[in-house]
Every structure is written in structure tokens, then in C-alpha cells.
Amino acid sequence: MNFFRGVISGQAAGPQPSGAETIQKLCDRVASSTLLEDRRDAVRALKSLSKKYRMEVGTQAMDHLINILQTDRSDSEILGYALDTLYNVICNDEEEEQDESEDAVAPLPVSGKHKNVSVPDENAQKQADDLSLQFTDTFIQDPEHVTLLLTLLEEFDFHVRWPGVKLLTALLKNQGPQIQGIILVSPMGVSRLMDLLADSREVIRNDGLLLLQQLTKGNAAIQKIVAFENAFERLLDIITEEGSSDGGIVVEDCLLLLLNLLKNNSSNQNFFKEGSYIQRMKPWFEVGDDNSGWSAQKVTNLHLMLQLVRVMVSPVNSPGATASCQKSMFQCGLLQQLCTILMATGVPADILTETINTVSEVIRGSQVNQDYFASVNAPSNPPRPAIVVLLMSMVNERQPFVLRCAVLYCFQCFLYKNQKGQGEIVATLLPSTIDANSISAGQLLCGGLFSADSLSNWCAAVALAHALQDNLTQKEQLLRVQLATSLGKPPVSLLQQCTNILSQGDKIVRRGSKVQTRVGLLMLLCTWISNCPIAVTHFLHNQENVPFLTAQISENLGEDERLVQGLCALLLGICIYYNDNSLENYTKEKLKQLIEKRIGKENFVEKLGFITKHELYSRAAQKPQPVFPSPEQMLFDHEFTKLVKELEGVITKAVHKSSEEEKKEEEVKKTLEQHDNIVTQYKELIREQDAQLQELKEQVASMTSQNEQLQATITQQQSQIQQHKDQYNILKLKLAKENQGQSNSQGDSSQVNGLQTEELTQLREEVEELRKQHSLLQTQLGDKDALISSLKSGAAQTAEGPAGGSDNTELLQELEALRSQVQSQSTEIGQLKMERQDLLRRAEAGSSDTLPSSDSSLDAAKMAELESRLGAQTSEMERLKAEVKNLSESRAELEKQLDSTTSTVAILQTEKEKLQTDVQESKKEQDDLLMLLADQDQKITSLKKRLKELGETVEDEDDLDTRDQTDDDDEEDEDED
């Protein structure tokens, strides 16, 4: 302790030690002291000296400090001092940090080697950087040191966690890939760092953001892990809490981290889209129209937010992912919000430029978004389309260069794969659609194309070329455009005016690069006439164009004009390659002869190669957005570089070919085309046959399944029929048991023949037998009186009738007739009774009178006779009633039996008819199937013949059957063996 007091108070006796000596003594104290307090004081002293004596502390104390981190884990104070010391040694931060008052140490004497320099020169800065790298390498020689540091980050104590975060950030800055590799293989390494974002202390959370920025740089694996640790949700929550675009530096750090996670990482981009985080970006762009709210931090934040949107829809992403993000941005209203900023007033120029670039990529290649953008109007009076307002800025030379480039990019993206938009732009140039009272896009493009500003000429030419890109219809439509050059002169076509300006060259006074104007016009002409023979004919129809091109190519011009010569060679080559030989003076062969005489084939090809050898060509070919450091370097368009790459080789071949070779090639082309047509026809025929075969196979399969179903149905129906037969036989046996005497013959016949028609005949015979028995019973009453005999004979005749025996209605009628006859008998008996009573009354009246005895005896005899007749009639009537009653009961029993038998027969007959119908339908369907199979066999046979004619090998069924038979014979031989 006396040593530390001497150091602090400066009262040490004798010569004061140097800084290196002091640091050595402190390191010894850290290594040898047993008391924690002594080690803590020594580490605190090293911390105070670490900035001034960085080299000495780093070389002598690093191992001791790392040992402190490993051994003194229980004391957070000494851990904090050790981490701060390591941070001061490793970090190359020139800003001095104020130490706490308790850590203040008296300045040690300077040894002469270290001097405080406020602004280090380049050598000093390089030495400091080398020192940082050296100490970082020393620290990470053992990967366990980084793992130890990650473990210390789990400590909640502020004095441990905060310096640990800063130290790890410094290590990542110096040796990022190595530290990333160690953290990646460390268990829960990334998860521990993600916990920093949830720390309630803003200092640690904000430094944690800086740490994650360094951690995610250039490492896709760590980016994915961080994203799946719910980083997007946490970062967006922080941005919202901090005030979105109005927030401070923390919002900027969050946005930079989001850019690290999403840029060139398709997996994270898809996760961001699927997590519906695009929808949460819309509130960021809800800005007002006032100028007062645009602070420098807000401009920075909004700029990063726009870059984040562009990352999701960048042209370098996969087309499917870009289209999906564009759709989401339109559906959630993000595109609409961006267009609002685009048309707002008071927006800073750099934000407006970046917004235009963002809108460009959101609508690029998306028909829905392009249609919406075409419908956006600027808040002017009268309202104008946003496209027109932007084009006005593009052709206005007073606008900033980057803004004009952004507008050109927006126009190109609007027309990219948008034939509808291309047609609308070209239509504004046609005579039938020109409105003199309003400014159209076509008028602005023509004005820029022929203005005195070379940059406007180039931008307008490129924009118009994009309206013709891959659209033959619009190339032909643009040939109809006529321009009025001056009063009193006839109008000239747009194509002719472009060639006129191109031929005048240096005669026109222009602001800017003259080469730029000519390059723009040549790119427009090359795009216009490529793959359009009609435009080539119009171009060659002007007698001055070909001599001008040959003169330009053949001259020996300066370095600046070499690009113009290459483009003229490309234009002339397009006239050769796409020439339909409709002009006799400028056929393919004559143009090639002209090149050979005036220029030379080798010279022509060399001049054509000037285009791709230009230094700005490769830069423009890298990405679609036109980004140029200065207006003078704005020469090539991205889409035009694709056209050059496509045409350079074919033009070179076309120029070197002779007429005979070309004729042979044309003949070969025609032959190949014919062969291709034949092959195509055969391919189509084979496809049709394959389709037919597939269809027939499907039909066969379906019919086979239907046949199997029908067979199963038939089998089921046959089993049902057999069941019904069995049930019917059982019923017959029951009837035979009940009527053994009457149904023996019928039972025998039913056993002999099981057909239902014979069974019905047997039933009818049984009914006839019952009728005969009935008639026998009735004939036994034949000896009775005439009335009863007639009744019996009538009943017998009715019963013997073969046709009426089975009719229930006739039996009822016969019964009613019997009843009516009995009723008449009863009436007659009643009359006799009345006569008897009358005679009795008369006899009583006669007994009182004095009549002769002869009359009395006569009346008595008559009376006796009547009484005897009455008694006989009464007894006969009683007997007849008994007989009728017996007959009625017998008839009732027969009717019951007949009804039951008739119902059974009717049920069986119905089921039989149904089964017969099903069997007939099944047979009919089987016949239809057989006919279809026969037709299919014929079709398959014809198709096989066609395939054989075409040279295809097809195995016949006979061959297959022979092969199967051979296989079966071989199997039988094997079984016998």
C-alpha cells in the first residue's frame, strides 16, 4: 500500500521511476498480491496508465489482466477495471474519456518517448492501428478468452457488462472474421449478445446495437441466427419507441443493423416479408409538408429507411422474392405513402432523390405497381401526371445531376416489361393523340432530345429507347411521328430528324459534351432499328445515312471519337443483319461490299470492338441504376450494354460471310426451318398421340374399374337371387306342410323345376284344386229343391270357371248373389207367416160367427197344410243358412290362403323382373365395354403403325404373348424338374 500511496501522492524518495518501470511493478503486484484489495488497486492504476502508456500496458499487463478475469469473478469492481484497461489497450480511440474522481491518478513523468499529439499524422495513425491489431491478435490467440468475455456479458452489473460490450466491439472492429468464427461455434454465443437489446439501461442497449452491427458484417450465418433470435421484432420496437424517423442516433443504429441483416441475404429477406414486417415500415414515411421538421438526424434516418425498402426490392434479388415484396408494399399502402412524399413540397433534395430511386425499384417489373404509378397526379392546378412532372425535372438543366439521374431511372423502371406503358408514352407522340393545351411525356422527350443541353439530349434519347425496348409494335408506331422543324418547311419524321442532328455534329452549339449527344442518339437509333426490318428500310431510304456512317467509321479520329465510331459501326452492322433486301441499292450484299471497299472488314470489326473496350461500358453493365460521378461520364445505358453483347458477335459473322456462304446459310436455314417445322409437327403429333394414349389408358382403366364394379354387382345380385329362391323354397315347404294332401304334386313339380313360371303354374293348379273341392262340396246339395240347387249349381259354375277362380272380385259377387237369394227366401217366408197370421185371425173371427161346419173343417185343413209347409220351409231355410255359413267360412279360408300366395307371388315376380332388368343392363354395359375395347384396340393398332412408320420400336402383343408363353413354359419346366 505504501507503494501506491507514493505513486499517487508523488512523495516517493529518490529518483522517480519511469512509466515502464511503474507498470512493471504494478503487474508484479497484480500477480503476487494475495489481498483482493491490493490487486484491485493495482488494476485500477493500470487502467489510469493504459491510455498514455498503451504499448507498455499492453505488452506487460495483458496476461495478468486476463488472469484476473478468470480468477476474480466474484468481485465486479476489479473485473470492470480489468475490462476497461483491456479496452483502452485494444481500442484505437483518440478521444479521451473522463475518469471518475476515485480513479484519478497523478500523472507520471513522461519518459520522452511518448508525447501527446492532438492530431496524429498518418504515420502515427498507422502505428496506432498496427498496435491495435497486434494486441487483438494477442488476445484472441486463445479462443477461450473470447468465450470468457461472452460469459462475463451475462453479468448484470453495469461496471462489468458495459466495458465487456465495448471490448468485444473493439475486437470485432480489429479482427472481425476471426471473432465471428469464435462466437459462431460458442454455445449460445449469439443469444447472449441478443440479450443486450433487452437491457433496461439504454447505454448498454445502445452499445449492444453497435456490437451487433460489427458482429453481423459480412457473415450470413450470424445474420440468420440474429434474425431468428427475434431481432426484427426488437429492432422495430426500438425504432417505434424512439420516434421512428424523428428519433435520434439510436434509430440510425437500428436501421444500420437492419441493413446488415437484410442486404444480400435472401433468407432473412423472406423471413422479414413472411413476418409481416413490411407493413410496419409504412408509418415511417408519414411525414408532413412543413420545412421546419427536417433535422439532419431525420434526413439521415429517412435516408436509411428508404435504403431498407430498396434492399427488399433490389433488382439483384431473385425475381420471385422481389415480386412478392412489391406486391406486399402495394397492398399495405407503402407505395402510396412513398408517392405522397414524391409529390410533397419542402422535401430535401437528397431525400427526394432517394425516394425517386426507391419508388423506381418498387414499381420495376410489377404491372400492378406500374399502373398505380401511372395514375398518380401531382397536386398542381390543373393536376398533371407524376410522370410528366418528373420528366420536366429530367430535361431541366438547372436541376441537380443526381436528381435527373434518379428521374431517368424511375422512367426506365416504369417502362421495364411494361408494354402497356410503352404504348401510352409512344401514343403521346402520335399526331392523333397530341393535345396542344397540355404538356405530354412525348413532347417533353422530344424537347429534351433536341435541346441545346447535351445531358438532356442523352437522357431523353435513353428514355425514348426504353419506350421501344423489346416492343416491335411501338418501333413501327414511332416511324409515324412527324416533327415541324420551321415555318414553311414540310414536317420530317422523328427518325430523319435524329439522323440530321447526328450528321450535323459539331455545327450545333451545345452546353456540355458533344460526344454525349451523339452517343445518346446512336443508342436510340440502334435500339430503334434492331429487330425491326421496317425501321431499317426507313433508315436506309435516306440516301445520306449510309455515306455518313461509312465516313465516320473510316476516319482516324481522336480518343474521344472512338466510341462514336464504334456505335456507327454497330448501327451499320444492324442495317446489314436485319436487312430484308427490300431496297435494291442497299441490300445486304451491297452494304458488305461497301464496307469492304471503303472501310475494310478487319477495320470495321476493330472499330466495333471499341464499344466493349470502353472503361465506362463495364461500369454501366453492372447494374440497372444509372450512377455516374459526373455528367461527362454518363455515356452508356444498362439495357444498351445487353443489346451490344447480343449483337456484336452476330454482326461480326454477318460482315465476314460471302454472298455464296450467305446463300448457303439461308438455304441451310430454310432447310433447318423446314426440318424444324417437320420435327415440330411430329412432336405435336407425338404429343397428341401421347395425350390420346394417356386418355385411352385412363378410359381403359376407368372402364376396367367399372367392369369390375359391374361384375361385383352382378355377383351380388346373383347371390341375392339365390337367397330369394331359397326363401321361396322355404315358403313352399311351409305351404306343403299345411296342405299336405293338396300340394304333394305341386311340391314335387317345384322340386323338379325351380323356374318361377312353373312355380306360378303350380300355384294356379293348387287354386284350381281348391275350387274343385269347393264344387264337390256344393254338388252334394244337388238333391235339394230347385232354388237351392240352382244356387249351388250357379256357385259351382262360377267356381269351375278357369278365368274367374283367381279373381277376388268375382268371388265377392257370387257371395253377394247367394246372400240376395237367401234374402228373397226370407222375404217369401215372411209373406207366408203373414198369410198364416191372417188365416189365424180369420179363424178366430169365424169361430164367433155361426158358419157351417164344412167351412170350418175346410179352413182347419188348409191351416194345417199351411203350417206343415211353413215348418218345412223354415227347417229348410235353417239348414240352408247353415250350409251358406259353412261355405262362407271355407271361402274365407281359401281367400286368405289365396291372398297370401298371391302376395308372395307378386313380390317374387317383382324381384324377378328387377333382377332380369339389372342382368339385361349389365349385359348391355358389358357389350358396350367390349365394343369400346375393340375400338381402343383398333386405335392402339393404328397408333402403333404410325409409331413404327416414325421409326419408334413398338412391341406387338403377339411378341408379348410369345414371351409370356415362353416364360410360362420355362416356369412349368422348372416346376416339373
Side-chain angles (χ1 to χ4, degrees), residues 1-31 33 38-69 77-139 159 162-171 173-174:
M1 294 298 295
N2 292 331
F3 170 77
F4 292 114
R5 293 191 186 96
V7 172
I8 296 173
S9 61
Q11 298 176 357
Q16 295 181 352
S18 64
E21 294 174 352
T22 303
I23 291 168
Q24 181 63 43
K25 292 180 180 179
L26 291 174
C27 292
D28 294 340
R29 181 66 64 179
V30 170
S33 295
D38 290 346
R39 294 197 301 275
R40 185 189 305 126
D41 291 339
V43 174
R44 182 171 59 183
L46 287 172
K47 173 191 171 186
S48 64
L49 298 172
S50 59
K51 291 186 178 180
K52 191 172 183 180
Y53 296 96
R54 185 181 174 195
M55 169 72 81
E56 290 79 0
V57 173
T59 54
Q60 299 182 33
M62 181 171 289
D63 292 336
H64 301 294
L65 294 172
I66 294 173
N67 189 49
I68 289 293
L69 296 179
E77 190 174 359
I78 192 172
L79 289 177
Y81 292 149
L83 291 170
D84 281 332
T85 306
L86 289 171
Y87 172 73
N88 292 337
V89 170
I90 292 175
C91 179
N92 186 24
D93 189 2
E94 297 297 328
E95 295 182 358
E96 296 289 337
E97 296 182 359
Q98 295 181 355
D99 295 331
E100 298 179 359
S101 58
E102 59 182 20
D103 297 335
V105 179
L108 294 176
V110 181
S111 63
K113 296 181 181 180
H114 304 281
K115 296 182 179 180
N116 292 330
V117 182
S118 59
V119 182
D121 56 9
E122 293 182 359
N123 293 330
Q125 183 66 34
K126 184 178 180 181
Q127 291 177 0
D129 293 339
D130 294 341
L131 198 61
S132 298
L133 293 174
Q134 177 184 346
F135 290 144
T136 301
D137 292 338
T138 303
F139 184 84
H159 295 92
W162 187 40
V165 172
K166 294 193 295 181
L167 176 58
L168 187 56
T169 304
L171 292 172
K173 286 181 180 179
N174 295 331

Against the six-membered ring of Y87, is K166 placed for a cation-pi contact (under 6.0 Å from the centre, within 45° of the normal)?
yes

Using the side-chain contact (heavy atoms from CB on, under 4.5 Å) rule, take I66 and F139 through it: C-alpha gap first, then chi angles, then the decisive distance, then the call.
CA-CA 9 Å; I66 294 173; F139 184 84; 3.8 Å; yes

Output the distance between atom [atom1] ([X]) and atom [atom2] ([Y]), rounded to the nearest 0.5 Å.
X    : Y    : atom1 : atom2 : answer
C27  : Q60  : SG    : CD    : 5.5 Å
N88  : L46  : CG    : CG    : 11.0 Å
N174 : C91  : CG    : SG    : 7.5 Å
I78  : I68  : CD1   : CD1   : 4.0 Å
L65  : L86  : CG    : CG    : 5.0 Å
K173 : T136 : NZ    : OG1   : 11.5 Å

Minimum heavy-atom separation for [X] to [Y], with atom names?
X   : Y    : answer
S50 : T85  : CB-CG2, 3.9 Å
T59 : F135 : N-CE2, 3.8 Å
D84 : P163 : OD1-CB, 3.1 Å
A42 : R29  : CB-CG, 3.9 Å

Member of D28, L26, T22 meeting the side-chain contact (heavy atoms from CB on, under 4.5 Å) criterion with Q24
D28

Could you go step by step and tell me if R40 and S33 meet the side-chain hydrogen bond (donor to acceptor under 3.5 Å, both in side chains) rule?
CA-CA 10 Å; R40 185 189 305 126; S33 295; over 6 Å; no

Please determine whether a side-chain nitrogen of the Lys or Arg among R44 and D41 lies less than 4.0 Å from a carboxylate oxygen of the Asp or Glu.
yes

Using only atom types and a distance under 3.5 Å, with no angle test, would you say the side chain of R54 pairs donor to acceptor with the backbone of V89?
yes

Polar side-chain atom of S132 near backbone of I90 as donor-acceptor pair, under 3.5 Å:
yes

